[in-house]
Amino acid sequence: MCHCGLDQAYEDCCGQYHQGLAKPPTAEALMRSRYCAFVVQQIDYLEQTLYPTQRHDFDAESSLQWAKSSEWLGLEVLQTDKGQAEDTEGMVEYIAKFKNQGRQQQHHETGSFVKEDDQWYYMSGKMAVQATVKRDGEKIGRNAPCPCGSGKKYKKCCA
């Protein structure tokens with residue numbers, strides 16, 4: 001099955017884009033094929049589908065090393081805005097999951113895509129900002145009695 005998460009064989013899905021046999025018809029299809037390009041280490045494809053004015057700082061060697069050193073765990077598309085075959089711009093929010101240096105991580109981004117001459121390109125991305133978590137209750141001191149009622153100090157029980 002294709003690494004992009006769709007229920008199709010790689011050759012019938014992202015493989016046809018990587019081989020130049022077809023062009024992704026939507027911004028989402030391009031984003032999925034770019035994720036898949038990291039998995040199968042098609043770094044040239046990543047550069048070719050990057051908008052031409054954005055290629056000046058693309059580092060193919062670093063991208064290849066990162067792709068090789070990561071274990072790719074899956075892709076989740078959260079939402080899209082425009083980016084259909086008849087559009088010239090689109091947005092795709094997604095989470096790419098991977099493991100690198102033994103740590104499971106995720107790349108949560110909203111990607112911006114543009115279409116010129118019947119070709120979709122990745123323009124830029126904005127990382128999702130994690131919300132700050134605020135504690136509702138009072139802070140429990142390490143030496144305070146554990147709130148679970150065990151009679152032990154918090155640091156020796158539920159901390």
Side-chain angles (χ1 to χ4, degrees), residues 1-140:
M1 301 313 294
C2 192
H3 305 287
C4 78
L6 295 179
D7 194 20
Q8 297 179 5
Y10 169 75
E11 296 79 19
D12 298 329
C13 193
C14 295
Q16 63 180 330
Y17 308 138
H18 295 164
Q19 299 301 316
L21 303 174
K23 294 178 183 177
T26 65
E28 180 180 342
L30 176 64
M31 188 279 309
R32 288 181 177 278
S33 69
R34 286 177 57 83
Y35 168 83
C36 195
F38 278 107
V39 177
V40 298
Q41 300 165 16
Q42 291 284 331
I43 305 306
D44 290 342
Y45 181 80
L46 292 170
E47 186 169 15
Q48 293 164 3
T49 57
L50 186 60
Y51 193 72
T53 61
Q54 305 298 92
R55 293 179 189 165
H56 63 278
D57 63 351
F58 181 77
D59 184 347
E61 185 57 37
S62 293
S63 296
L64 178 61
Q65 290 309 312
W66 185 59
K68 283 182 175 182
S69 67
S70 297
E71 177 185 348
W72 300 95
L73 304 175
L75 177 68
E76 181 181 356
V77 175
L78 302 175
Q79 68 175 343
T80 61
D81 183 30
K82 299 182 184 174
Q84 299 304 308
E86 65 276 4
D87 295 321
T88 58
E89 60 183 39
M91 178 279 303
V92 181
E93 181 182 4
Y94 64 94
I95 299 174
K97 298 173 184 169
F98 61 98
K99 189 183 281 189
N100 191 288
Q101 297 180 349
R103 277 189 46 224
Q104 189 165 330
Q105 302 176 50
Q106 63 181 22
H107 178 86
H108 185 175
E109 177 181 297
T110 300
S112 174
F113 298 82
V114 295
K115 184 178 178 183
E116 285 186 359
D117 299 324
D118 205 36
Q119 171 71 48
W120 280 103
Y121 294 97
Y122 173 77
M123 176 64 83
S124 64
K126 182 178 179 185
M127 297 294 290
V129 177
Q130 298 295 325
T132 302
V133 177
K134 292 195 176 205
R135 181 183 2 221
D136 290 333
E138 200 175 308
K139 182 177 179 181
I140 303 168

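Only a predicted model underlies this, so the values are computations on that prediction, with no experimental measurement involved. Computed from heavy atoms alone, side chains included, the values below leave out hydrogens, waters and symmetry copies.
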Using the ring of each side chain (for Trp, its six-membered ring), is His18 parallel, tilted or perpendicular to Tyr10, with breaks at 30° and 60°? tilted

Test item: Met31 and Thr80 side chains (from C-beta on) under 4.5 Å apart, heavy atoms: no

Looking at every heavy atom in both Arg55 and Gln48, which two are closest together, and how far apart are they? NH2-O, 2.8 Å

Could you check whether any side-chain N or O of Ser70 sits under 3.5 Å from a backbone N or O of Ala67, counting only pairs where one atom can act as donor and the other as acceptor? no

The criterion is side chain to side chain contact (heavy atoms under 4.5 Å, CB included); which residues satisfy it with Ala96, sequence neighbours excluded? Tyr35, Leu75, Tyr94, His107

Distance check, rounded to the nearest 0.5 Å: Arg32 atom CZ versus Thr26 atom OG1? 9.0 Å

Tyr122 and Thr49, any side-chain heavy atoms less than 4.5 Å apart: no

What's the separation between atom CG in Leu6 and atom CE in Met1, rounded to the nearest 0.5 Å? 8.5 Å

Interatomic distance, CD@Glu47 vs CG@Asp59, rounded to 0.5 Å, equals 10.0 Å

Report, as yes or no, whether the 6.0 Å neighbourhood of atom CG on Asp117 holds more than 12 heavy atoms from other residues, nucleotides or ligands. no

If you round to the nearest 0.5 Å, how far is CD of Gln54 from OG of Ser124? 6.5 Å

Check: Lys97 side chain, Gln104 main-chain N or O, donor-acceptor pair, under 3.5 Å: no

Kindly give the heavy-atom pair with the smallest separation between Pro24 and Trp120, and that separation in Å. O-CD1, 3.4 Å

When rounded to the nearest 0.5 angstrom, what distance separates CD in Gln16 from OG in Ser33? 10.0 Å

Just wondering, more than 12 heavy atoms not from Glu86 lying within 6.0 Å of its CD? yes

Could you pull out all residues at least two apart from Gln79 that satisfy side chain to side chain contact (heavy atoms under 4.5 Å, CB included)? Met91, Glu93

Does Leu78 reach the side chain of His108, with side-chain heavy atoms less than 4.5 Å apart? yes

Find the distance between CG (Asp12) and CG (Leu21) and round it off to the nearest 0.5 Å. 11.0 Å

Return the set of residues passing side chain to side chain contact (heavy atoms under 4.5 Å, CB included) with Lys82 (not counting sequence neighbours), or none when no residue passes. Asp87, Glu89

Hey, can you tell me if Trp72 and Phe98 have their rings parallel, tilted or perpendicular (30° and 60° cut-offs)? tilted

Of all heavy-atom pairs linking Tyr45 and Ala37, the shortest is CD2-CB, 3.8 Å

Assess, by modelled atom type and distance only, whether the side chains of Tyr51 and Glu116 contain a donor and an acceptor separated by less than 3.5 Å. yes

In the structure I gave you, are the side-chain heavy atoms of Ile43 and Phe58 within less than 4.5 Å of one another anywhere? yes

